[in-house]
Each structure stands twice: as C-alpha cells, then as structure tokens.
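Hydrogens, waters and symmetry mates are skipped; everything else that's a heavy atom, side chains included, is used.
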Amino acid sequence: MSPASKSLPKGADGRPVAQNRRARHDYDILETYEAGIVLVGSEVKSLREGKAQLRESFARVIDGELWLYGMHVPPYTFAAGFGTTDPDRRRKLLLHRRQIAELWRRTTQDATTMVPLSVYFKDGRAKVELALARGRKTYDKRHAIAARDADLEARRASAARRRTLNA
C-alpha cells in the first residue's frame, strides 16, 4: 500500500467534511457544542463525498427544537427521483433539552447567534460543531488580525533564537 492510500478519506471520523472558516473571522466564538444532525440517506452520501457548504448558514431555536438553516448539501449524483431532496432545506439538530433551553435563553437575552463551524463524521454519524458567537465590528476584525500577526512574529523570533542557541 502506498502512503497516500493509508491516509484517511475525506469525511472519515474526526476530519471535517465542510468548514465555515469565515465564521471565525466574523464572530467572536464564546462557546462550542457538538450536535447531531438529521439527514436523509442521499444527503449522507453527498456529505461523505465532501460536498457541503456552510457559508451563509445559521441555527435557530423554534418551538423547543434546534434547526439549521442555509446549509447547502447538493443532491447525490446517483440518487435519481426518489432519493433527491431540497439542497437548502432546514435540518434539525440534536442536542439535549437543557442545552437547547440554554442556547435559546442566551440568544434571546444577549446579542449572540449560533453559527455552525464544521460538519464531520464521528463513529459513523454526522455531527455539526455549533458555536455560540457574538458578531465582530470591522475594527474588532482588524484588531484580531493585528494580534494574530504579532503573536506569529513573536513565535518566529523565539524559534529563531532557539535555533541560534542550539547551533
């Protein structure tokens, strides 16, 4: 077996199938939750192929249930007729009742929202990493980028210093 074939396939346990990278830039992540997601069979096959988009998606509590809106899962190529579903339909997320009540309380009282960060498979089941987040202003985004760059520069300097001391 070649080393390339030993690597995990896309969507294998623990590796993200889809990520919302923009969310970490646009929001301050306060807390994260792992939620199950209710899918139709052909959607699972499409997810295993790595064909999902979380770009404009968000979650909302309605009537004590948690729903994910805006997640695009294109139809599975080989599912014709019966197996096709609306790719942008809302999908139910599975959390404990207390966690849903806590999320509902925090999103209604505070200025927070729920955004999915990634979709992945864990023990053969599709999971969504859901974040309770607060939106950033433009100046906050610039400040976060500057802090990240300063931290990177400090780590590079310390690594260079260690290399000169070890040499």
Trainee: For His25, I'd like to know if atom NE2 has over 12 heavy atoms of other residues, nucleotides or ligands within 6.0 Å.
Mentor: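 Atom NE2 in His25 is packed in, count exceeds 12.
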
Trainee: Working to the nearest 0.5 Å, report the span between CD of Gln99 and CG of Leu93.
Mentor: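 Gln99 CD to Leu93 CG: 11.5 Å, rounded to 0.5 Å.
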
Trainee: Is Val115 linked to Leu54 within one hydrophobic cluster, defined over Ile, Leu, Val, Met, Phe, Trp and Tyr using a side-chain heavy-atom separation of less than 4.5 Å?
Mentor: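 No, it is not one cluster - the side chains of Val115 and Leu54 are not joined through contacts under 4.5 Å.
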
Trainee: Going by an N to O cut-off under 4.0 Å, is there a salt bridge joining Glu65 and Arg90?
Mentor: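 Between Arg90 and Glu65 there is no salt bridge, as every charged N stays at least 4.0 Å from the carboxylate O atoms.
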
Trainee: Report the residue from Glu129, Met71, Lys127 that forms a side-chain contact (heavy atoms from CB on, under 4.5 Å) with Val119.
Mentor: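 When Glu129, Met71, Lys127 are each tested with Val119, the side-chain contact (heavy atoms from CB on, under 4.5 Å) holds only for Met71.
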
Trainee: Can you get from Leu117 to Phe121 by hopping between Ile, Leu, Val, Met, Phe, Trp and Tyr side chains that sit under 4.5 Å apart?
Mentor: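 Looking at the clustering, Phe121 is in a separate group from Leu117.
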
Trainee: May I have all residue pairs that pass ring-ring contact (aromatic ring centres under 6.0 Å, His included) and include part of residues 29-67, sequence neighbours excluded?
Mentor: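 Found Phe58-Tyr69.
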
Trainee: Backbone N or O of Glu43 within a donor-acceptor pair of the Ser46 side chain at under 3.5 Å?
Mentor: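 Side chain of Ser46 to backbone of Glu43, a donor-acceptor pair under 3.5 Å: no, none is there.
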
Trainee: Donor-acceptor pair, Asn20 side chain versus Pro116 backbone, under 3.5 Å?
Mentor: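 Present.
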
Trainee: Any non-hydrogen side-chain atom of Val73 less than 4.5 Å from a side-chain atom of Gln53?
Mentor: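 Val73 does not reach Gln53 side chain to side chain.
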
Trainee: Compare all side-chain heavy atoms of Arg89 with those of Val40 and state whether any distance is below 4.5 angstrom.
Mentor: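 Yes - at least one pair of side-chain heavy atoms lies under 4.5 Å apart.
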
Trainee: How many angstroms lie between atom CD1 of Ile100 and atom CG of Leu95, to the nearest 0.5 angstrom?
Mentor: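 Going from CD1 on Ile100 over to CG on Leu95, the span is 5.5 Å.
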
Trainee: Would you say CZ of Arg105 has more than 12 non-hydrogen atoms from neighbouring residues, nucleotides or ligands within 6.0 angstrom?
Mentor: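 Buried by this count: over 12 neighbours within 6.0 Å.
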
Trainee: Any heavy-atom pair between the side chains of Ile145 and Arg148 that's under 4.5 Å?
Mentor: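 Contact flag for Arg148/Ile145 side chains = yes.
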
Trainee: Is there a side-chain contact between Leu66 and Lys92 in this structure, where contact means two heavy atoms from C-beta onward sitting under 4.5 Å apart?
Mentor: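 Heavy-atom side-chain distance check fails, nothing below 4.5 Å.
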
Trainee: With a cut-off of 6.0 Å (strictly less than), are more than 12 heavy atoms of other residues, nucleotides or ligands near CZ of Arg21?
Mentor: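 Check fails, neighbour count at 12 or below.
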
Trainee: Give a yes or no answer on whether the side chain of Arg106 reaches the backbone of Trp104 with a donor-acceptor pair at less than 3.5 Å.
Mentor: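 No: the side chain of Arg106 does not pair with the backbone of Trp104.
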
Trainee: Please say whether more than 12 non-hydrogen atoms of neighbouring residues, nucleotides or ligands are located less than 6.0 Å from CD in Glu34.
Mentor: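 Enclosed.
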
Trainee: With side chains defined as the heavy atoms from C-beta onward, is the minimum distance between Ile37 and Leu94 less than 4.5 Å?
Mentor: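 No, too far: nothing below the 4.5 Å cut-off.
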
Trainee: Once you round to the nearest 0.5 Å, how far does CG of Leu130 lie from CG of Leu103?
Mentor: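 One gets 6.5 Å once the value is rounded to the nearest 0.5 Å.
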
Trainee: Are Met114 and Val61 close enough, and set up right, to give a side chain to side chain contact (heavy atoms under 4.5 Å, CB included), and what steps lead you there?
Mentor: CA-CA 9 Å; Met114 291 177 282; Val61 177; 3.9 Å; yes

Trainee: Give, for atom CZ of Arg55 and atom OG of Ser57, the distance between the pair rounded to the nearest 0.5 Å.
Mentor: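 The OG atom of Ser57 is 10.0 Å from CZ of Arg55, to the nearest 0.5 Å.
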
Trainee: Can you find a pair of side-chain heavy atoms, one from Thr107 and one from Thr113, that are under 4.5 Å apart?
Mentor: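 They are not in contact (no side-chain heavy atoms under 4.5 Å apart), so the answer is no.
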
Trainee: How far apart are the closest heavy atoms of Ser158 and Arg155, and which atoms are they?
Mentor: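 Result for this residue pair: OG-O, 3.0 Å.
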
Trainee: Working to the nearest 0.5 angstrom, can you tell me the gap between Lys51 NZ and Tyr76 OH?
Mentor: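 Here the rounded value is 9.0 Å.
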
Trainee: Is any side-chain heavy atom of Tyr27 less than 4.5 Å from a side-chain heavy atom of Leu132?
Mentor: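 Sidechains of Leu132 and Tyr27: no contact.
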
Trainee: Between CG of Asn166 and CZ of Arg161, what distance do you get to the nearest 0.5 Å?
Mentor: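 Spacing of CG (Asn166) from CZ (Arg161) equals 11.5 Å.
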
